[in-house]
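In what follows, a single structure is set out as structure tokens and then discussed.
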Amino acid sequence: METKRLYYIDNLRWMSVLLVIVYHIIYLFNNSGVISNIGYKGIPVLDGFLVFVYPWFMCLLFVIAGIAARYSLNKRTNKEFIKDRAKRILLPTVLGMFIYGWFTGYITSLYTTFFYNEGANLPIIIKYFIFCVMGIGPLWFGHAVFLGALVIVLFRVIDKNKKLENLFEKINLTAIVLLVIAVWLSSFLFVVPVMSVYRLGIYILMMLLGYYVFSQERVIKMLSEISGYMLFFAAVLGVLYVIKYYGVNYTANSVLRNIFTNVYLWVMILALLGFGAKHLDFNNKFTEYMTENSFNYYILHYPLLVCLSHYLITYIRLPFVAYYIILAVSLAVLLPVLTEIVKRLPVLRFFILGFKNTRPSGI
């Protein structure tokens with residue numbers, strides 16, 4: 001029997017991607033000491049938005065990836081699932097570093113002293129690989145999602161009698177709330193040195209919870225019934241969180257491992273999943289388009305944004321608020337155009353977007 005598509009998951013996914021794009025527009029010019037690709041500071045008060053969303057917006061995307069994995073594995077074998085994720089997620093996010101990420105890295109090098117005046121002495125091939133790493137941008141997400149997919153399959157292979165699934169099928173609301181302890185502990189695990197965006201402990205846990213807990217209709221129904229209260233509570237926590245961490249490096253491990261950070265992100269995720277199930281379970285032409293293109297927008301927006309930002313900062317002198325507006329409007333116009341061009345060129349479509357046909361396969 002075919003599983004009913006969860007439109008609220010689709011809608012939460014593309015809305016989260018739009019949130020990522022807005023985040024990056026502001027982040028490039030942040031005043032909080034967070035390293036970015038452009039070495040200019042913008043309007044300080046906008047950093048409040050960065051602090052508000054940073055703890056939870058990527059965690060939410062990993063939860064959604066875990067839910068999608070559950071529904072994908074309902075109609076695929078483990079081998080087919082891994083092959084699909086490798087082609088559609090791992091391949092474009094790895095090759096993207098080498099196809100266009102290097103140029104983002106090159107622009108970044110113009111605003112840093114990374115080479116300490118030794119750049120002229122380095123072979124061009126060495127500089128190319130350094131630029132690829134410097135220009136990784138949001139592509140790390142695909143690497144972490146693929147690793148999470150491998151972990152899910154490993155759990156399925158080990159737990160052949162589905163003891164974990166049976167255990168989580170009995171979970172109640174109190175236990176779901178108390179999972180925040182596991183979330184907090186996971187924030188200490190498997191954080192890659194230097195490349196701290198790879199917070200593998202918490203992100204893989206989020207995928208596992210998406211797979212085992214939030215893919216259950218019963219759990220989502222419980223959350224939807226209290227979503228209004230949860231969303232209000234999450235908003236209050238968010239305001240307090242911004243007050244506490246505004247003006248500091250909100251990406252520092254000391255911040256992300258704080259119990260307050262993890263309570264806030266967990267409450268927000270529970271609230272948004274419940275809200276989405278209650279109010280976002282619909283589709284129309286626009287939501288179908290955004291669902292089809294959300295991953296394309298995710299991987300293509302950042303190099304375009306960095307190039308546009310560099311051009312504006314270098315050649316045009318305007319009040320800084322104008323830069324934000326121009327970048328937002330430019331992305332809204334150019335990103336769909338760029339996506340459609342790439343989708344219509346078979347080689348680029350496969351290596352950059354990860355699918356052969358004009359439309360990617362479903363989750």
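Residue numbers start at 1 and run along the sequence shown.
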Kindly indicate, with the supporting measurements, whether the criterion side chain to side chain donor-acceptor pair (under 3.5 Å) is fulfilled by Y211 and R156.
CA-CA 11 Å; Y211 180 87; R156 282 167 55 92; 2.8 Å; yes
Please evaluate residues S36 and F29 with respect to the criterion side-chain contact (heavy atoms from CB on, under 4.5 Å), reporting the C-alpha separation (whole Å), side-chain torsions for both, the decisive distance (0.1 Å), and the verdict.
CA-CA 8 Å; S36 76; F29 310 107; over 6 Å; no
With side-chain contact (heavy atoms from CB on, under 4.5 Å) as the test, would you mind laying out the steps for M222 and I176 before giving the verdict?
CA-CA 10 Å; M222 285 192 294; I176 292 171; 3.9 Å; yes
Stepwise side-chain contact (heavy atoms from CB on, under 4.5 Å) check, L28 with Y40:
CA-CA 8 Å; L28 279 181; Y40 278 79; over 6 Å; no
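The neighbour count for Y111 OH, taken as heavy atoms of other residues, nucleotides or ligands under 6.0 Å away, is above 12. Counting heavy-atom neighbours within 6.0 Å of Y315 OH, excluding the residue itself, gives a total of 12 or less. Enclosure of atom OH in Y246 by more than 12 non-hydrogen atoms of other residues, nucleotides or ligands within 6.0 angstrom is indicated. Within 6.0 Å of atom CZ in F190, 12 or fewer heavy atoms from other residues, nucleotides or ligands are found, so the atom counts as exposed in its surroundings.
Here D159 does not pair with K163 in a salt bridge; the nearest charged N to carboxylate O distance is not below 4.0 Å.
Between the side chain of N172 and the backbone N or O of T174 there is at least one donor-acceptor pair closer than 3.5 Å. At least one donor-acceptor pair closer than 3.5 Å links the side chain of Y71 to the backbone N or O of S215. Remark: the backbone N or O of A277 is not paired with any side-chain donor or acceptor of D281 at under 3.5 angstrom. Judged by distance alone, with hydrogens and angles left aside, the side-chain atoms of N11 form a donor-acceptor pair with the main-chain N or O of L280 at under 3.5 Å. A donor-acceptor pair under 3.5 Å links the side-chain atoms of N284 to the main chain of T287, judged by distance alone. No side-chain donor-acceptor contact under 3.5 Å links R349 to the backbone of I341. Judged purely by atom type and a 3.5 angstrom limit, W184 uses its side chain to pair as donor or acceptor with the backbone of R257. With hydrogens and angles ignored, the 3.5 Å screen pairs a side-chain donor or acceptor of S227 with a backbone N or O of S224. H143 contributes a side-chain N or O that, together with a main-chain N or O of T93, makes up a donor-acceptor pair within less than 3.5 Å. Within the 3.5 Å criterion, the main-chain N or O of N296 finds no donor-acceptor partner in the side chain of N293.
Defined by atom type and a distance below 3.5 Å, a donor-acceptor pair is missing between the side-chain atoms of K244 and N258. Between the side chains of N37 and Y302, a donor-acceptor pair is found at a separation under 3.5 Å. A donor and an acceptor atom, one from each side chain of N30 and S32, are nowhere located under 3.5 Å apart.
Within the model, atoms CG of N166 and CD of E169 stand 5.5 Å from one another, a figure rounded to the nearest 0.5 Å.
Side-chain contact between I136 and Y198 is present, with at least one heavy-atom pair separated by less than 4.5 Å. Residues V145 and F141 are in side-chain contact: their nearest non-hydrogen atoms beyond the backbone lie under 4.5 Å apart. Residues T77 and F81 are not in side-chain contact: their nearest non-hydrogen atoms beyond the backbone lie 4.5 Å or more apart.
The distance between the ring centers of Y297 and H301 does not fall below 6.0 angstrom. Taking the six-membered ring for Trp and the full ring otherwise, Y323 and F320 have centroids separated by under 6.0 Å. H279 has its ring centre no less than 6.0 Å from the ring centre of Y8.
Two different hydrophobic clusters hold V213 and L154 under the rule that ILVMFWY side chains link at heavy-atom gaps under 4.5 Å. Note on F260: it does not cluster hydrophobically with L178, by side-chain heavy-atom contacts below 4.5 Å among ILVMFWY residues.
When hydrophobic residues (I, L, V, M, F, W, Y) are linked wherever their side-chain heavy atoms come within less than 4.5 Å, I35 remains an isolated member.
Ring planes of Y241 and Y245: tilted class, angle from 30 to 60°.
If you run ring-ring contact (aromatic ring centres under 6.0 Å, His included) between W14 and each of F286, Y289, Y298, only F286 comes through.
Residue F98 comes nearest to V94 through the heavy atom pair CD1-O, 3.3 Å, listed as atom of the first residue, atom of the second, then distance.
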Can you give each donor-acceptor pair under 3.5 Å made by side-chain atoms of residues 52-69, sequence neighbours left out, with the distance rounded to 0.1 Å?
residue : atom : partner : partner atom : Å
W56     : NE1  : F52     : O            : 2.8
W56     : NE1  : Y264    : OH           : 3.1

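Looking at residues two or more places apart in sequence or on another chain, you find a salt bridge (charged side-chain N to carboxylate O under 4.0 Å, His left out) between E165 and R70.
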